[in-house]
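Here the structure is laid out as C-alpha cells; the discussion comes afterwards.
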Amino acid sequence: IELVGVNECGSDTMRRPILVHPNTVIAFFNTSTTSGCAPHTVSYTNFATGGTFITWDFGDGNTSTQTSPTHTYLTAGTYTCYQYVNNGCSYDTTSIVVTVYPPPSLSFAPSPNITCANQPITFSNTSVNAVNFDWFFGDGDSSNLVSPIHSYDTSGTYTVMLIGTSTTFGCRDTTTLNVNVNSLPIPQFVSNVLFGCMPLPINFTNNSTNSNFFTWNFGDGNTSTQQSPSHTFPDQGIYTIT
C-alpha cells in the first residue's frame, strides 16, 4: 500500500506491505434427510476442509459446536441450517433447507366419563385432518374403527392409545388418555333365620363389597334402602329376598 502526500513544497511517500493469505477454508456437509414429519431428526456430517472451528445454526433457535451434530426439529416449518467454518484467518459458510411437516391433530373423548366394568364406552374421535386410525385400549384389545365402542372386563386404569395419519403429508402421530374403570358391586347378605312361625322378624346383614347404595326387595311387596335392614313377615309363605 502506497500513500503519497503533496503540498506546495514537495511530496513524500509512505509504503506498507500487507500480506493476504489465501482462503483455505471450504465449508461442506451432508444430511441424513432434508424433509420429514415432526418431530424430525437430522444427522449432519461434516466434510469441511481447512477449518479449525465449526459452528452450526439449525434455524430454529438452536446451535451446536459439535463437528457432526444431530438435531431434532420439534415443530413443523421450513428451516435453513448454516455451517460456519473458520481457521482464525479465513472462513466459509454453507447452508441447506430442512422442511418439517406437521403431524395430524389427534384427540378423542370417552363417554360416559364414569365407567364400570362390562359397561360399553364410546370413544368419540375428534381428530382433525387425520385418517387410518389404530386404537389400543390397554387391555390387549384393539380396533381400526373411527370411533369404536369398547368395554373392560375388570376394573383398573387403562391407557388408551390412538394412532392416526395426516391427510396431507402422511405423518403418523400418537395420543393417549387414561380411562378409569370402576369395580362392579358384589351383593352378598345373610339372615339370622331362614324359617319360622308368623309373624317372623328377620335381621339381614349386608356383606356386599364395592357398594355404596342398596335397595332391598323382601318379596312380599315391601322394600328398604337401609344397609342392613330388619323386616317382619306377617303372613305365611315362601319369600325370595333380593
Given the options Asp220, Asn203, Ile202, His231 meets side chain to side chain contact (heavy atoms under 4.5 Å, CB included) only with Asp220
Are more than 12 heavy atoms from other residues, nucleotides or ligands located less than 6.0 Å from atom CD of Gln236?
no
Checking side-chain contact (heavy atoms from CB on, under 4.5 Å) for the pair Thr168/Asn129: CA distance, chi angles, key distance, verdict?
CA-CA 8 Å; Thr168 49; Asn129 297 326; 5.8 Å; no
Are Met161 and Phe133 connected, step by step, through hydrophobic side chains (Ile, Leu, Val, Met, Phe, Trp, Tyr) whose heavy atoms are closer than 4.5 Å?
no
Side-chain heavy atoms nearer than 4.5 Å, only ILVMFWY residues, links allowed to pass through others: does that put Ile238 and Leu200 together?
no
Any donor-acceptor pair under 3.5 Å from Ser166 side chain to Cys171 backbone
yes
Exercise answer: donor-acceptor pairs, residues 3-14 side-chain atoms, under 3.5 Å, sequence neighbours excluded:
from : atom 1 : to    : atom 2 : distance (Å)
Asn7 : OD1    : Cys9  : N      : 2.9
Asn7 : OD1    : Gly10 : N      : 3.2

With Phe29, which of Tyr84, Tyr82, Trp56, Phe47 fulfils ring-ring contact (aromatic ring centres under 6.0 Å, His included)?
Trp56
Tell me, with the steps shown, if Leu74 and Thr72 meet side-chain contact (heavy atoms from CB on, under 4.5 Å).
CA-CA 6 Å; Leu74 300 178; Thr72 300; 3.9 Å; yes
Kindly give the heavy-atom pair with the smallest separation between Leu177 and Pro110, and that separation in Å.
CD2-CD, 3.5 Å
Is there a side-chain contact between Val160 and Trp135, using heavy atoms and a 4.5 Å cut-off?
yes
In short, Ala130 meets Ser127 closest at the heavy-atom pair CB-CB, 4.1 Å
Evaluate the criterion side-chain contact (heavy atoms from CB on, under 4.5 Å) for residue pair Asn46 and Ser68; output intermediate values, then yes/no.
CA-CA 5 Å; Asn46 173 50; Ser68 296; 3.6 Å; yes
Treating Ile, Leu, Val, Met, Phe, Trp and Tyr as nodes and any side-chain heavy-atom pair under 4.5 angstrom as an edge, say whether Leu184 and Tyr152 lie in one connected cluster.
no
For the atom pair OG1 (Thr55) and CD (Gln66), what is the distance rounded to the nearest 0.5 Å?
12.5 Å
Tell me, with the steps shown, if Thr223 and Asn217 meet side chain to side chain donor-acceptor pair (under 3.5 Å).
CA-CA 5 Å; Thr223 61; Asn217 188 330; over 6 Å; no
So which heavy atom on Asn118 is nearest to which on Ser151, and how close?
C-CB, 4.1 Å
Does any non-hydrogen side-chain atom of Cys81 lie less than 4.5 Å from one of Tyr73?
yes
Asp134: salt bridge (Lys or Arg N to Asp or Glu O under 4.0 Å) partners, not counting sequence neighbours
Arg172
Tell me the closest heavy-atom pair linking Ser155 and Val181, and the distance in Å.
CB-O, 3.2 Å
Check Ala117 against Asp153 and note the closest heavy-atom contact, atom names and distance.
CB-O, 3.7 Å
Under 4.5 Å between side-chain heavy atoms, hopping through other hydrophobics if needed: is there a path connecting Val146 to Ile163?
no
Using 30° and 60° as the class boundaries, would you call the ring planes of Trp216 and Phe204 parallel, tilted or perpendicular?
tilted
Is it true that a side-chain atom of Ser124 and a backbone atom of Ser147 form a donor plus acceptor pair closer than 3.5 Å?
no
Beyond-backbone contact of Phe137 with Tyr158, side-chain heavy atoms, under 4.5 angstrom
no
With side-chain contact (heavy atoms from CB on, under 4.5 Å) as the test, would you mind laying out the steps for Val42 and Phe58 before giving the verdict?
CA-CA 10 Å; Val42 181; Phe58 300 115; over 6 Å; no
About how many Å separate CD of Gln119 and CD1 of Ile114, when rounded to the nearest 0.5 Å?
9.5 Å
Under 3.5 Å, which donor-acceptor pairs do the side chains of residues 89-104 form with other protein atoms, sequence neighbours left out?
from  : atom 1 : to    : atom 2 : distance (Å)
Ser90 : OG     : Asn23 : OD1    : 3.2
Ser90 : OG     : Asn87 : OD1    : 3.4
Asp92 : OD2    : Ala27 : N      : 2.9

Please evaluate residues Ser107 and Thr126 with respect to the criterion side chain to side chain donor-acceptor pair (under 3.5 Å), reporting the C-alpha separation (whole Å), side-chain torsions for both, the decisive distance (0.1 Å), and the verdict.
CA-CA 5 Å; Ser107 61; Thr126 55; 2.6 Å; yes
State the CG-CZ distance between Leu162 and Phe136, to the nearest 0.5 angstrom.
10.0 Å
Quick check against the 3.5 Å criterion: does Ser211 have a side-chain atom that pairs as donor or acceptor with the backbone of Phe213?
no
How many angstroms lie between NE2 in His71 and OG1 in Thr41, if you round to the nearest 0.5 Å?
9.0 Å
Residue pair Gln226 / Asn206, side-chain heavy-atom distance below 4.5 Å:
no
So how far is it from Thr175 OG1 to Leu106 CG, rounded to the nearest 0.5 Å?
6.5 Å
With rounding to the nearest 0.5 angstrom, report the OG1 to CD1 distance, Thr49 to Ile26.
4.0 Å
Let me check something: do Val193 and Phe233 share a hydrophobic cluster, defined by ILVMFWY side-chain heavy atoms less than 4.5 Å apart, either directly or through other members?
yes
Test item: Pro229 and Phe218 side chains (from C-beta on) under 4.5 Å apart, heavy atoms
yes
